[in-house]
Trainee: 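Here it is, the structure in full.
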Number of protein chains: 2
Amino acid sequence: MSEQRVTIGEAARLTGVSAKMIRWYEETGLLAPAARLESGYRTYGEADIHTLRFVRRARDLGFSVEAIADLLALWRDRGRPSAGVKAIALEQIAVLRQRITELEGMARTLEHLAATCCGDARPDCPILDDLAADEPPPPPVPRRRRGLGRGVPRA
Amino acid sequence: MSEQRVTIGEAARLTGVSAKMIRWYEETGLLAPAARLESGYRTYGEADIHTLRFVRRARDLGFSVEAIADLLALWRDRGRPSAGVKAIALEQIAVLRQRITELEGMARTLEHLAATCCGDARPDCPILDDLAADEPPPPPVPRRRRGLGRGVPRA
DNA sequence: CCTTGACCTTCCCATCATGGGAAGGGCCAC
DNA sequence: GTGGCCCTTCCCATGATGGGAAGGTCAAGG
């Protein structure tokens with residue numbers, strides 16, 4: 001009853017991580033190099049599938065690949081203190097909350113503008129008027145140093 | 001009293017759009033090519049500054065460059081119906097709300113997990129247990145097809 | 001007149017996670 | 001043996017942004 005091993009496509013189906021991404025995770029060191037058949041095909045066993053599901057789940061929670069690497073290391077380290085894990089999670093929560101606050105501000109501003117725009121055939125439009133308002137840049141000093149997911153998904 | 005013209009660096013300071021971005025917007029067609037001095041330096045007049053501020057403001061509201069191009073066109077088209085503008089704004093609001101909902105879901109899940117994790121020196125950790133839970137992929141079918149700002153800002 | 005320093009030019013590269021697609025080979029069932 | 005998937009690697013694109021190199025301009029001060 002040697003372990004059942006599957007190809008990368010099957011592993012992708014079983015875990016929800018695309019084959020492309022599995023290769024990329026391997027290439028960038030998030031995952032150890034997969035075992036290969038003589039043909040060169042990668043093969044994955046149950047432990048690998050388990051790991052891939054862990055990765056997908058973490059991605060679904062918005063963790064960066066870098067953070068996932070940390071989480072994986074902690075996961076494999078039985079006996080680690082849970083404090084480290086919690087710290088990573090709290091950091092991620094902070095990032096998410098921050099981002100939500102930014103987006104919420106944008107949405108509220110736009111909702112306000114849209115509410116005052118009749119949106120008919122007439123040319124006057126408070127939305128454009130607002131965008132065109134001749135204000136100098138806000139704080140010329142730091143200007144959101146988010147350097148993160150810096151915009152917003154495109155419209 | 002010929003119009004006062006400024007260099008790209010000064011325009012950047014006046015508008016909050018970096019010189020790099022101003023060049024990039026020109027290169028990609030969002031902005032018309034700037035006038036040049038004999039030296040090859042770009043120069044910007046008041047109308048250009050106004051336009052750049054419009055662009056910055058729209059970026060601050062999360063509009064994609066593509067959407068900004070549409071807004072700019074409408075802005076310059078006196079006599080356009082305001083309906084088009086409103087439609088773009090509503091679309092953007094929908095995108096923002098969608099994104100907020102996604103992030104909110106992630107944040108709530110993580111907050112729940114973090115709340116049940118003692119975060120001390122002991123090794124048992126509900127967060128890792130959850131990530132490691134052996135669930136198959138959610139809907140293998142569509143898997144978030146956002147194709148937009150696809151992850152979340154990195155942790 | 002010449003240097004210095006601040007500014008400009010273009011060009012290339014990196015980010016982050018992801019997908020698309022080409023070119024070539026493997027594997028299996030008919 | 002052949003057709004149809006699957007695998008391999010490699011390159012390119014995305015979106016908006018920054019970093020930095022190599023070289024030209026310009027104005028002020030010696």
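Residue numbering restarts at 1 for every chain, and letters A, B, ... go by the order of the sequence lines.
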Trainee: Ignoring hydrogens and geometry, is there a side-chain-to-backbone donor-acceptor pair from B:Arg42 to B:Ile8 under 3.5 Å?
Mentor: no

Trainee: Specify the residue among B:Tyr41 and B:Val65 whose closest nucleotide of DNA chain D lies further upstream toward the 5′ end.
Mentor: B:Val65

Trainee: Salt bridge or not for B:Glu102 and B:Arg99, using N-O below 4.0 Å?
Mentor: yes

Trainee: Map A:Glu10 and B:Leu37 onto DNA chain D by nearest heavy atom, then report which one ends up closer to the 5' terminus.
Mentor: A:Glu10

Trainee: For the pair made of CZ in B:Arg56 and C1' in D:dA16, what is the distance, rounded to whole Å?
Mentor: 16 Å

Trainee: Does A:Glu10 pair with A:Arg13 as a salt bridge, N-O distance under 4.0 Å?
Mentor: yes

Trainee: Is B:Arg42 close enough to C:dC8 that one of its side-chain N or O atoms is under 4.0 Å from OP1 or OP2 there?
Mentor: no

Trainee: Do A:Leu61 and B:Leu131 have side-chain heavy atoms sitting under 4.5 Å apart?
Mentor: yes

Trainee: In terms of the nearest nucleotide of DNA chain C, which residue is placed more toward the 5' end: A:Met21 or B:Gly40?
Mentor: B:Gly40

Trainee: Hey, is A:Arg122 close enough to A:Asp120 for a salt bridge, meaning N to O under 4.0 Å?
Mentor: yes

Trainee: Rounded off to whole Å, could you give me the CZ-to-P distance for the A:Phe63 and C:dC16 pair?
Mentor: 17 Å

Trainee: Whether A:Arg36 contacts D:dT9 is assessed here as follows: a side-chain N or O lying under 4.0 Å from the phosphate OP1 or OP2. Is that the case?
Mentor: yes

Trainee: If you compare every side-chain N and O of B:Ser39 against the phosphate oxygens of C:dC8 (OP1, OP2), does one of them come in below 4.0 Å?
Mentor: no

Trainee: Is a donor on one side and an acceptor on the other found under 3.5 Å between the side chain of B:Arg53 and the backbone of B:Leu14?
Mentor: yes

Trainee: Side-chain N or O of B:Tyr25 versus OP1/OP2 of D:dT17: is the shortest distance under 4.0 Å?
Mentor: yes

Trainee: In whole Å, what is the span from the CD atom of B:Glu26 to the P atom of C:dC11?
Mentor: 12 Å

Trainee: Specify the separation, in whole Å, of atom NZ of B:Lys20 and atom P of C:dC11.
Mentor: 12 Å

Trainee: Thinking salt bridges, do A:Arg97 and B:Glu104 make one under a 4.0 Å N-O criterion?
Mentor: yes

Trainee: May I have the distance from A:Glu27 (atom CD) to D:dT8 (atom P), rounded to whole angstrom?
Mentor: 13 Å

Trainee: Can you check the A:Ile8 CD1 to C:dG26 P distance for me, whole Å?
Mentor: 18 Å

Trainee: With a 4.0 Å limit, can you tell me whether A:Thr7 has a side-chain N or O closer than that to the phosphate oxygens OP1/OP2 of D:dC7?
Mentor: yes

Trainee: Let me know the distance between CD of A:Glu38 and P of D:dC7, rounded to the nearest Å.
Mentor: 18 Å

Trainee: OP1, OP2 of D:dT8 versus side-chain N and O of A:Arg23: anything below 4.0 Å?
Mentor: yes

Trainee: Are B:Leu52 and B:Tyr41 connected into the same hydrophobic cluster when the rule is that any two of I, L, V, M, F, W, Y join if their side-chain heavy atoms are below 4.5 Å apart?
Mentor: no

Trainee: What integer distance in Å separates A:Ile22:CD1 from C:dT18:P?
Mentor: 12 Å

Trainee: Could you give the angle between the helix axes at the two ends of the helix from C:dC1-D:dG30 to C:dC30-D:dG1, with five pairs per end, rounded to 10 degrees?
Mentor: 30°

Trainee: For the side chain of B:Arg13, counting heavy atoms from C-beta on, which of C:dC7, C:dT18, D:dA16 is nearest?
Mentor: C:dC7

